[in-house]
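One structure is given below, encoded as structure tokens.
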Amino acid sequence: MNNSIYDGLNDMQLKAVMHEDGPLLILAGAGSGKTRVITHRIAHLIASKHVEPWNILAVTFTNKAANEMRERVNNIVGYGAENVWISTFHSMCVRILRRFIESLGYNRNFSIYDTDDQRVVMKELIKQFNYDTKQINDRKALSYISSQKNDLITPESASEEAGRDFLLSRYTKLYSAYQERLKTSNALDFDDLIMKTVELFECDKEALDYYRRRFSYILVDEYQDTNTAQFRLLSYLSGANDPDSPHNLCVVGDDDQSIYKFRGANIYNILNFEKSFPGTEVIRLEQNYRSTGNILNAANNVIANNSMRKVKELWSDKPEGSPIKYIRYNSDFDEADGIASSIRTNINNGASYSEHAVLYRTNAQSRAIEESFIRMNIPYKIVGGLNFYSRKEIKDIIAYLKTIDNGSDDVAAKRIINVPKRGIGATTIGKISDHASMHGMSFYAALKDSKYIDGIGRSVGKLDSFVSMIEHYRALLKLEGYTVVRLINTILDDTGYLSELRLEGTDEAKARIENIEELISKAASFEETIDIPDGDDYSSLLSEFLENIALVADIDTVDPDSDVVLLMTLHSAKGLEFPNVYMCGLEENLFPSAMILYSNDPSDIEEERRLCYVGITRAKSNLTISCASRRMKNGEMQFNPPSRFISEIPRYLITEAPAPGHSQSFMKQEPANVPVRNTNNTPMSYKPYGSRNKKGNLFADNPYITKASSIKGSTASAPAYKPGDTVKHVKFGTGVVKSIEKKDDDYYISVDFENFGIRKMKSAFAKFF
DNA sequence: TGTATGGATATTTTT
DNA sequence: TATCCATACA
């Protein structure tokens, strides 16, 4: 046999690779070689057990992981890998639905709605129902719907559940209306892709049988991140309810790296796997091949503070390596500069940019770092944040393509009906919408009826020419074999979209043109990678292109060969590794985030801690952690103590580096945007947290949950309230004013809050309403 | 119908 | 701070 399949595997890895039939749970700690195990197991199945490649299904969460997996299998077996189904949950479901969705009453060329599309629909519905937007906003409604779908709860059962609960019953009404709207638009959102596939398997025996027979071996990566719907999907495919099925389901995951609860991930999928699949063999991979001893030690100590875990202790035979570097900067800008100059130093010592990554909790933090990098000429790429495909100009072009591909897609059609301006106004659009919903037809179909709609009158001509333009494009695609690239170019010319931007001539317009050019080159490279269909009908090419861009994650587009520093959230960093990692913004209220500190679910903090664990374990040789004494957040200055997670790392693993100019300059530098309050130049009353206390313990004075004071307004005027008044604070809620005292130029007000007790604050700072 | 303006609001993470 | 939305005005 081919020896190379088994070379270099440790005993546990080998055991997992060679496991015979039956359910298999691989608990793979960070850096323990889980991708290696999956790929080698696939290779083993093909080469040694003579399983046909097309009978194997491997599921991941990102395209990047899927592509890497395919490449690695290919390298091991050298043949057949292209026939293994290796794909993400979402693209697998699209593929299944494209074939069988008609049994659910949808059309096979359905659109995929992204978050923006969803919001457009939801905003319309909330308006239509006349709901108070203060009580119900689109984000909340959509996150409610998403969690229902992740748990496979239909609108019907949701509304039964909601009963007469005021808010909940409104949400469920929105849920069913939303679902109807998507159906008329022949569109599915991300969660639908999974849920509809499950529904398909429930109602279409033939479809289920087809895939059951096809996939005799199923492997799932990052299993800890699966939600209930995905679990059900896997159960169907692996014949969980069929006693005769061998249940050749192999799942790989790490409960300590479960960080997607907010997206519906159900940690019990992994914690209870053995119960769901009796006879499961459990294999633990506990040897870490990635990080130095110190880094691993730090990670183990942090995660040990969590209670709900599968027993597992990562170890490594690597040397201790350098200590973890910790710096508390004065400000987020100093932090950014500090990181940039540290990277610069490493580069001067021969390191390459791509050996570095900067990880943070929130996307907004990338801003300051980006600015420092630009100033210091450090090449970088920001992963995530504002997605390329969510830019306005890109969305516009895509909306054209979507309208051409699927005329029922109302969000797309409405987006472009008056872009570029065709003199079709809100009134006209409203009338067409009404007509459409009255007759249960799509917006685009209603456009064709415009001459029968009252009050449209003089717009009929404009609407008709819009319709014939779209029909014309369809014909180009079908009859003349237009590629996507040609189609986009034609649209840009015909509509004058591009010339309008050129005329504008601003920097912004130039950037938009560049983005459009990038879209065209993305389309071109897409067309290179797929088989051009026979004959002249290129419509399927367009559908595939649209599907492709709907399902790419930003991380998928990272070029592994380009020598740049990667900037990304801790979430995006999962599954990656770097020699040098900078984890920044380790502050209470930021990481762990303020949101979870006030949540009433105590397990939330454990998820934050897992996120911290994920971050630490990304580092191979050098880990630098940092925080800032003051930081601009949402346009206000915050002062946060260092994160509790820092104090969970044993002191002896850490070297503390002084922040540049810490002792002298902390007060000398006037914080940006903060009005000068002390005229006589005496130090202000607060001291930096984390400065050494008498015991010499770096962390002892780290008060958890210290609220950031918010600074706003510049002059202290007498407060408009008096003791005994009830006030409402933007963060602390309702409270009663206890006392007000004047000191220097400011008023100090102390308030007894219902939920937070007595708080004393400068009246100029406190936000009451 | 289109644009300008000011005020409110939000930011935790994303396939 | 940055974006979104409603309102006012051209």
Side-chain angles (χ1 to χ4, degrees), chain A residues 59-66 87-94 112-116 118-120 123 127 133-134 137-140 142-143 146 149-150 188-194 222 225-227 229-230 258-265 332 359-368 383-387 389-390 392 418 420-429 458-459 462 550-556 568-574 585 589-599 604 607-608 610-612 614-615 631-638 672-673 712 730-731 767 769:
Chain A
V59 195
T60 64
F61 275 87
T62 64
N63 295 297
K64 183 169 185 281
S87 81
T88 64
F89 270 104
H90 295 272
S91 42
M92 168 179 84
C93 288
V94 170
I112 299 168
Y113 274 7
D114 66 14
T115 317
D116 289 336
Q118 291 181 283
R119 292 188 67 182
V120 171
K123 276 181 188 153
K127 197 176 269 176
T133 46
K134 293 225 169 57
N137 68 29
D138 55 306
R139 285 158 180 280
K140 281 190 199 142
L142 286 169
S143 96
S146 174
K149 288 182 177 177
N150 289 331
L188 303 184
D189 64 23
F190 287 130
D191 301 315
D192 278 336
L193 294 178
I194 315 287
E222 306 281 14
D225 289 331
T226 52
N227 61 34
Q230 287 159 334
S258 160
I259 53 173
Y260 282 107
K261 187 177 150 202
F262 73 94
R263 213 165 73 186
D332 45 347
L359 310 182
Y360 36 76
R361 178 67 235 267
T362 65
N363 279 308
Q365 290 167 255
S366 66
R367 188 61 163 266
V383 180
L386 184 64
N387 187 286
Y389 293 103
S390 44
K392 182 188 174 299
N418 198 30
K421 306 260 177 303
R422 302 187 174 87
I424 302 170
T427 331
T428 311
I429 294 174
R458 76 177 77 132
S459 296
K462 299 172 194 160
L551 298 177
V552 287
D554 211 29
I555 190 78
D556 300 334
M568 67 189 115
T569 63
L570 290 152
H571 281 90
S572 312
K574 198 172 58 149
N589 296 310
L590 182 62
F591 187 34
S593 86
M595 208 76 150
I596 70 106
L597 290 182
Y598 298 116
S599 98
D604 281 354
E607 176 138 325
E608 290 286 292
R610 289 193 289 269
L611 198 52
C612 183
V614 167
R631 170 182 304 276
M632 262 326 224
K633 200 180 157 193
N634 297 348
E636 70 177 37
M637 186 65 79
Q638 291 208 337
N673 299 328
K712 229 167 204 182
V730 72
K731 276 169 189 156
K767 283 202 236 168
F769 57 95

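Every chain is numbered from 1, with letters handed out A, B, ... down the list of sequences. These values consider heavy atoms only, across backbone and side chains, with no hydrogens, waters or symmetry-generated copies.
Distances shown here put a side-chain N or O of A:Thr569 below 4.0 Å from the OP1 or OP2 atom of B:dT14. OP1 or OP2 of B:dT11 sits under 4.0 Å from a side-chain N or O of A:Arg139. Of the side-chain N and O atoms in A:Asn137, none sit less than 4.0 angstrom from OP1 or OP2 of B:dT9. Close to B:dT13, at under 4.0 Å from its OP1 or OP2, lies no side-chain N or O of A:Lys261. For B:dT15, neither phosphate oxygen OP1 nor OP2 lies less than 4.0 angstrom from any side-chain nitrogen or oxygen of A:Ser146. Under 4.0 angstrom from either OP1 or OP2 of B:dT13 there lies no side-chain N or O belonging to A:Ser572. Of the side-chain N and O atoms in A:Asn227, none sit less than 4.0 angstrom from OP1 or OP2 of B:dT15.
Using a 4.0 Å heavy-atom distance criterion, A:Lys123 is classed as a sugar-phosphate-only contact. Within the 4.0 angstrom heavy-atom criterion, no nucleotide atom of any strand lies near A:Lys633. If you check every strand for non-hydrogen atoms under 4.0 Å, A:Ser143 touches nothing. Residue contacts shown for A:Arg119 are absent, as no nucleic acid heavy atom lies under 4.0 Å away. Using a 4.0 Å heavy-atom distance criterion, A:Phe190 is classed as a base contact.
A side-chain hydrogen bond (donor to acceptor under 3.5 Å, both in side chains) with A:Ser146 holds for exactly one of A:Asn227, A:Asp189, A:Asp191; it is A:Asp191.
Nucleotides C:dC4 and B:dT13, compared at atom P, are 15 Å apart to the nearest Å.
With centroids closer than 5.5 Å and planes inclined by less than 30 degrees as the test, A:Tyr260 and the base of B:dT13 fail to qualify as a stacked pair.
Between A:His571 and A:Tyr260, the gap from one ring centroid to the other is short of 6.0 Å.
In this structure, CE of A:Met595 is placed 14 Å from P of B:dT14, rounded to the nearest angstrom.
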